[in-house]
Colleague: 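Below you'll find the structure I mean.
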Amino acid sequence: MSRQKIAAGNWKMNLTLEEGRLLVEALTQSAGTPKAEVVLCPPFMHLTMVKSLLAGADGFSLGAQNCHQELKGAFTGEVSAPMLKSAGVEYVILGHSERREYFGETDALLAKKVDRVLEEGLRPIFCCGEPLPIREEGTHVAHVRAQISASLFHLSPDLFSRIVIAYEPIWAIGTGRTASPEQAQEMHSAIRSLLAEHFGAEMAGQTPILYGGSVNAGNAASLFSQPDVDGGLVGGASLKTEEFLQIVRSF
Ligand code: PEP
């Protein structure tokens, strides 16, 4: 079975409603039928609008950038997995390095968020990746293995089969410094081996592993041509119509 290919756009905290509408309209009008699934991840307040704009757009799905670990309650300012589901969301980015760094999200908290998202039938895009000092020290593979095992290895094989992994070296996020295709492939292959050790070769073979970190129109094709790179999680370049469309066409 060939693995699912995904180009996900993480808008982060960018774009007004009007700017978001214009971007989605431009993307859906020009994308044709994409070769990869295109997952748009706008801020929470854009979700219902983007959902309506995507009606009838082949190959596009909706993602959120985070969700709370509890189902409901007195958590002012938070958004739950059932709310996301009711807005037509299919994917939820969890464990982005910005959430880990600025909002103190730990491996243990992320394990709970993963559970909630899966309980609602949504698919986590689980982010992992090392900071620069860990890369320079040469312990990056061990770092990422630890993140994945701490937040995902409690799952049953059935639930794990819905996970998408995004490897995002922190030193490459928003910096314009991309991992080389060889560096990406080395880590993606190590992640797939780890999944094979725990869940078996068949599961490892079907899990999409995306690369994130300064993906752009110029480097996407060489990254996506690596055997274990199944697409990208794209930040800055997903806000620019032509740039993101070229990334989507790079498979
Ligand atoms: C991201 O936000 O996940 C990301 C990879 O950002 P950028 O593409 O801007 O580096």
Side-chain angles (χ1 to χ4, degrees), residues 4-29 31 33-34 36-96 98-100 102-103 105 109-127 151-152 155 159-166 208 210 212 231-236 238-239 241 244 248:
Q4 185 188 13
K5 305 282 181 197
I6 298 175
N10 174 13
W11 295 6
K12 311 194 188 191
M13 194 175 73
N14 291 296
L15 307 184
T16 62
L17 282 175
E18 178 63 2
E19 289 163 345
R21 181 178 69 75
L22 292 172
L23 175 60
V24 177
E25 283 175 355
L27 290 173
T28 51
Q29 276 158 23
T33 303
E37 181 164 2
V38 181
V39 183
L40 301 182
C41 305
F44 289 138
M45 64 171 294
H46 296 55
L47 288 170
T48 53
M49 175 190 73
V50 174
K51 183 68 186 175
S52 341
L53 292 169
L54 292 182
D58 264 1
F60 280 80
S61 334
L62 187 62
Q65 298 174 18
N66 178 33
C67 105
H68 196 267
Q69 66 276 16
E70 297 298 336
L71 288 175
K72 63 176 183 173
F75 301 101
T76 302
E78 292 291 328
V79 171
S80 71
M83 291 174 195
L84 295 178
K85 186 178 184 181
S86 72
V89 164
E90 291 166 71
Y91 291 85
V92 184
I93 298 173
L94 291 177
H96 192 282
E98 290 151 18
R99 301 278 334 160
R100 292 177 189 260
Y102 306 138
F103 301 94
E105 297 197 359
L109 175 70
L110 290 168
K112 289 187 193 155
K113 291 191 176 207
V114 165
D115 289 344
R116 282 298 99 64
V117 163
L118 289 168
E119 267 167 33
E120 290 308 310
L122 309 177
R123 298 187 65 184
I125 299 177
F126 179 81
C127 301
S151 299
L152 300 179
L155 295 173
L159 287 174
F160 183 82
S161 69
R162 302 184 54 77
I163 298 280
V164 176
I165 290 183
L210 314 183
L233 177 55
V234 185
S238 74
L239 302 172
T241 309
F244 192 54
V248 167

Colleague: Do I163 and L118 have side chains that approach each other closer than 4.5 Å (heavy atoms only, starting at C-beta)?
Modeller: yes
Colleague: What's the spacing between L17 CG and L22 CG if we round to 0.5 Å?
Modeller: 11.0 Å
Colleague: Stepwise, does the side-chain contact (heavy atoms from CB on, under 4.5 Å) test hold for V164 with L210?
Modeller: CA-CA 8 Å; V164 176; L210 314 183; 3.8 Å; yes
Colleague: What is the distance from atom CD1 of I125 to atom CD1 of I165, rounded to the nearest 0.5 Å?
Modeller: 11.5 Å
Colleague: Locate the shortest heavy-atom distance separating G9 from S238; write the atom from each residue and the value.
Modeller: CA-CB, 3.5 Å
Colleague: Check E25 against T28 and note the closest heavy-atom contact, atom names and distance.
Modeller: O-OG1, 3.2 Å
Colleague: Just how far is it from atom CE of M83 to atom SG of C67, taken to the nearest 0.5 Å?
Modeller: 10.0 Å
Colleague: Kindly indicate whether the side chain of L23, heavy atoms from C-beta on, has any atom under 4.5 Å from the side chain of W11.
Modeller: yes
Colleague: Looking at R100 and C127, would you say the former's side chain and the latter's main chain have a donor-acceptor pair under 3.5 Å?
Modeller: yes
Colleague: Supply the atom-to-atom distance L159 CG to R123 CZ, rounded to the nearest 0.5 angstrom.
Modeller: 12.5 Å
Colleague: Could you tabulate the donor-acceptor pairs under 3.5 Å formed by side-chain atoms of residues 36-52, not counting sequence neighbours?
Modeller:
{"residue": "E37", "atom": "OE1", "partner": "Q4", "partner atom": "NE2", "Å": "2.5"}
{"residue": "E37", "atom": "OE1", "partner": "Y91", "partner atom": "OH", "Å": "3.0"}
{"residue": "E37", "atom": "OE2", "partner": "S61", "partner atom": "OG", "Å": "2.3"}
{"residue": "E37", "atom": "OE2", "partner": "Y91", "partner atom": "OH", "Å": "3.2"}
{"residue": "H46", "atom": "NE2", "partner": "L15", "partner atom": "O", "Å": "2.8"}
{"residue": "H46", "atom": "NE2", "partner": "T16", "partner atom": "O", "Å": "3.3"}
{"residue": "K51", "atom": "NZ", "partner": "G88", "partner atom": "O", "Å": "3.2"}
{"residue": "S52", "atom": "OG", "partner": "T48", "partner atom": "O", "Å": "2.9"}

Colleague: Between F60 and L27, is there a side-chain heavy-atom distance shorter than 4.5 Å?
Modeller: yes
Colleague: Please collect all salt bridge (charged side-chain N to carboxylate O under 4.0 Å, His left out) contacts where either partner lies in residues 110-119, sequence neighbours excluded, each pair once.
Modeller: E105-K113, R116-E119
Colleague: Rounded to the nearest 0.5 Å, how far apart are CG of N66 and CD of E78?
Modeller: 6.5 Å
Colleague: Taking all non-hydrogen atoms of both residues, which atom of L233 and which atom of A166 are closest, and how far apart?
Modeller: CD2-CB, 3.9 Å
Colleague: At their closest point, which heavy atom of F244 faces which heavy atom of A7, and how far apart are they?
Modeller: CZ-O, 4.1 Å
Colleague: Less than 4.5 Å apart, any side-chain heavy atom of L71 and any of E120?
Modeller: yes
Colleague: Please round to the nearest 0.5 Å and tell me the distance separating atom CD of Q65 and atom CG of L84.
Modeller: 11.0 Å
Colleague: Going by the salt bridge (charged side-chain N to carboxylate O under 4.0 Å, His left out) test, which pairs reach into residues 57-76, not counting sequence neighbours?
Modeller: none
